[in-house]
Structure formats: C-alpha cells, structure tokens
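Structure record follows, encoded as structure tokens.
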Protein chains: 2
Amino acid sequence: MKKKNYDSLKLSNQVCFPLYACSKELVRQYGPFLKELDLTYTQYIVMMVMWENEVASSRELAEYLHLDYGTLTPVLKRLEQASYISRERSAEDERLLTIKLTDEGRKLKDRAVHIPPCIAECMGLTMDEFRALYELTYKALRNMEEKNN
Amino acid sequence: MKKKNYDSLKLSNQVCFPLYACSKELVRQYGPFLKELDLTYTQYIVMMVMWENEVASSRELAEYLHLDYGTLTPVLKRLEQASYISRERSAEDERLLTIKLTDEGRKLKDRAVHIPPCIAECMGLTMDEFRALYELTYKALRNMEEKNN
DNA sequence: TACCATTTACTTGTGCGCAATTGAATAATA
DNA sequence: TATTATTCAATTGCGCACAAGTAAATGGTA
C-alpha cells in the first residue's frame, strides 16, 4: 500500500499563499498613506483611473479594475459623496453610468503623487525584481482570465 | 513653470495593482473547486495548516497565515460548526485556544489533494516562473513586515 | 411591430479583512 | 504581595468582494 503524496497541499509549496498574503500586506501598507486622503485602496485605484482619464463609464472601470458592480457601485457612491467624482447617466445610452472627475478630485492627485515611491520603498525590491513581479502577475492574470471565457 | 510628473500614479506603472488583481483572480479560481468541499479560500488555508500540523493554537494560525483575530475567530467557528476542527482552551494557559483537526477534517484532505495542480494549470506559468513568483512575493512580504516592527 | 436576448447597473446576502475596543489570563516588577 | 504591563482572543463596526437575482434600456430578429 503506497502512501499518498500530500506535498502539493503544503503551504510552503504553494505560490498562491505568498501571493495572497503579499497582496493583503501591500494594501495594509497603503493604509496610513491613504488615510491622509480619506481613501481606501479600492477607492484609490478608482481615482487613479480617473486621474488618467477624467471621464469613464462605470462599465469601463469595472472591467479595467476587475471589480464587480456589487463592489464598484458603493465605492463610486462614496467617492461621489466625497465630491471627488460625479455620477450621471449617459444621454445616448441610459444604461451607462458616466463617471467624471471633479475639480476636488483633481486636487487630490497632488496629495497622492508621493505615495507610489513610498510603497515601492516598503517592498524593497530592485528595479529588475519589480519588473519581473509585474510581468509574472500580469501573465498569470491573463492566463486565468482566458480560462473563464 | 515645469509640469509635474504624474507617471508614478499611472496604473500601468504600478506593480501593486496586478499583484492585487492577480491575488483576487486566484482566489476566484479556487471558488468552484472549494465549493465542492464547502470551503472558502480562507477556510482552506486554515485547513492546509491543520492537515500539516494536526494541532495548533489560534495564535499560531493567525501569525502563520497573517490573519487578524477579527478574521480568524469567525472562520474557526465555522470550521468547528462543520466539524472539521475542534476548539478548546489550553489547560496550561487559559488564554490560548487549541485547535485540533478532527477525523472529519482529516478526511477532507483526500478530497482536496487534486486542487493545487488544477490551480497551477490555471495560472499557466512555467516551473521557473512559479519559483520566481514565489521568491519575489515572499521577499516583498518579508520586507514589508520588517517595516511594521 | 412584437418578442426575445443581451447589456448595464443595482440590490441583497454572506464572508473576508482589519482597526479599535474590551476582557480575561498571565507575566513582570516594585 | 500588590500593582502594572503584556498577551491572547473575542467583539463591533465599516468597507471590500462576489454570487445570485432583479430591473431597465438597448439590440436583434421573426
């Protein structure tokens, strides 16, 4: 009777766990910095898109950020409440929700620009390592998304 | 008047975002597999530790899995409810909660052993890439944890 | 035009994640 | 011993995350 091999179930053999833990720790590192701006991490990445694009549909945000409407809708409402964005229905297609960056939201950009280098410093990787991590996570992400369709 | 450089705020220049998105997508990929076992991802990683160790304190689980008690306590209660683990106070130190794997929980291991290779296949990385991703995420994790203390 | 399918967004329910607070047990120290 | 500090766990509150279900607008087709 051969003994079953459970090695694959060892936490130390799983890449999923450090990835999961690292992602959580990363969001935690953002905490103090984002608190100054009264933003959560999810609100922050929405704002990042808005700072780049000024205007976007809710659908575009959901797709780009890999967020469900169940997550995105309340996030957008909070950002509107904070007057960083506006939410209005598109005229051509009443289903679409048009999100626009407000002046208030635009101002926030200057208070956020110092954050990325701080986080990079926390992670303490070399440039090559950052690039490698970037490529690997995007590759895995692409592969997993293909499986879904 | 020099124009401010906002490049670091571009989503495409952030390693944090793909890491965050990849982690979420990964947990989502586990979904269908874990559903067969009636487990969530967090419950699953707790079980992984228990499958390896049979006995652990709540504190050890929290530290090893980087989980807060606010997260861990209800998770452990659910796993106890499902009779996969038992929870009892330690005799020597009444503060400590001793978690033990039950027979029911041990059985689950056989139904879980096929999952890791499925997930690895979903991610679609080469062995070298898996190893690199493993090293990089652990390195970043270690570095970030040092900053906290 | 009338009917059906798809798209977009919202809502509800459940669980994760964490900060902050509390309480009990233990350890450390005057 | 009495006092104080620390540790471990639970609780509360808030927001994220997502599945499932619903509704309205649009597009496609008989």
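Chain letters run A, B, ... following the sequence lines, proteins first, then strands; residues in each count from 1. For clarity, every value in this text was computed on a predicted model and none was experimentally measured.
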Side-chain N,O (A/Lys77) to OP1/OP2 (C/dT11) below 4.0 Å: yes

Rounded interatomic separation in angstrom, taking NZ from A/Lys24 and P from C/dA19: 11 Å

Residue from A/Leu19, A/Leu133, A/Leu136 passing side-chain contact (heavy atoms from CB on, under 4.5 Å) with B/Cys22: A/Leu19

For A/Asn13, all residues meeting side-chain contact (heavy atoms from CB on, under 4.5 Å), sequence neighbours excluded: A/Asp7, A/Lys10

Mutual orientation of the aromatic rings belonging to A/Phe17 and B/Tyr64 [parallel < 30°, tilted 30-60°, perpendicular > 60°]: tilted

Residues within residues 40-53 of chain B bordering DNA chain D, heavy-atom distance below 4.0 Å: none

Nearest-Å distance for atom pair CG/C1', residues B/Leu67 and D/dA10: 15 Å

Nearest-nucleotide 5' precedence on DNA chain D, A/Val75 against A/Ala91: A/Val75

Rounded (10°) bend between the five-pair end axes of the helix from C/dT1-D/dA30 to C/dA30-D/dT1: 10°

Partners passing ring pair (Phe, Tyr, Trp, His ring centres under 6.0 Å) against B/Tyr20 (at least two apart in sequence or in another chain): A/Tyr41

A/Leu67 to A/Thr71 - nearest heavy-atom pair and separation: CD2-CG2, 4.1 Å

Shortest non-hydrogen contact between B/Ala21 and A/His66, atoms and distance: CB-ND1, 4.2 Å

Rounded interatomic separation in angstrom, taking CG from A/Asp38 and C1' from D/dC14: 13 Å

Atom-to-atom span, CD of B/Gln29 to C1' of D/dA17 - whole angstrom: 15 Å

Closest contact, heavy atoms only, B/Ser8 versus A/Pro116: O-CG, 3.5 Å

Sugar-phosphate, base or nothing in reach of A/Glu92, heavy atoms under 4.0 Å: sugar-phosphate

Position toward the 5' end of DNA chain C (nearest nucleotide), A/Thr73 or B/Asp68: A/Thr73

Side-chain touch B/Glu54/B/Arg106, heavy atoms, less than 4.5 angstrom: yes

Options C/dA20, D/dC16, C/dC16, nucleotide nearest the side-chain atoms of B/Thr71: C/dC16

Ring geometry between A/Tyr30 and A/Tyr44 (parallel below 30°, tilted from 30 to 60°, perpendicular above 60°): tilted

Nearest-angstrom distance from the residue atom CG of B/Leu72 to P of C/dA19: 15 Å

Pair listing, side-chain hydrogen bond (donor to acceptor under 3.5 Å, both in side chains) test, anchored in residues 72-87 of chain A, at least two apart: A/Glu80-A/Arg87

List, with names and distances, any nitrogen or oxygen atoms from the protein found under 3.5 Å away from nitrogen or oxygen atoms belonging to nucleotides 6-8 of chain D.
residue	atom	partner	partner atom	Å
D/dT7	O2	B/Arg95	NH1	3.2
D/dC8	OP1	B/Arg59	NE	3.0
D/dC8	OP2	B/Arg59	NE	3.2
D/dC8	O3'	B/Arg95	O	3.2

Under 4.0 angstrom between B/Tyr20 side-chain N/O and D/dA17 OP1 or OP2: yes

Nearest non-hydrogen partners of B/Arg111 and B/Glu36, listed with the distance: NH1-O, 3.5 Å

Length of the CG-P vector between A/Leu39 and D/dG15, whole Å: 13 Å

A/Glu25 bridged to A/Arg28 by N-O distance under 4.0 Å: yes

Atom pair distance, as rounded to whole Å: CD in B/Glu80 and C1' in D/dA9: 14 Å

Interatomic distance, A/Leu79 CG vs D/dC16 C1' [rounded to whole Å]: 13 Å

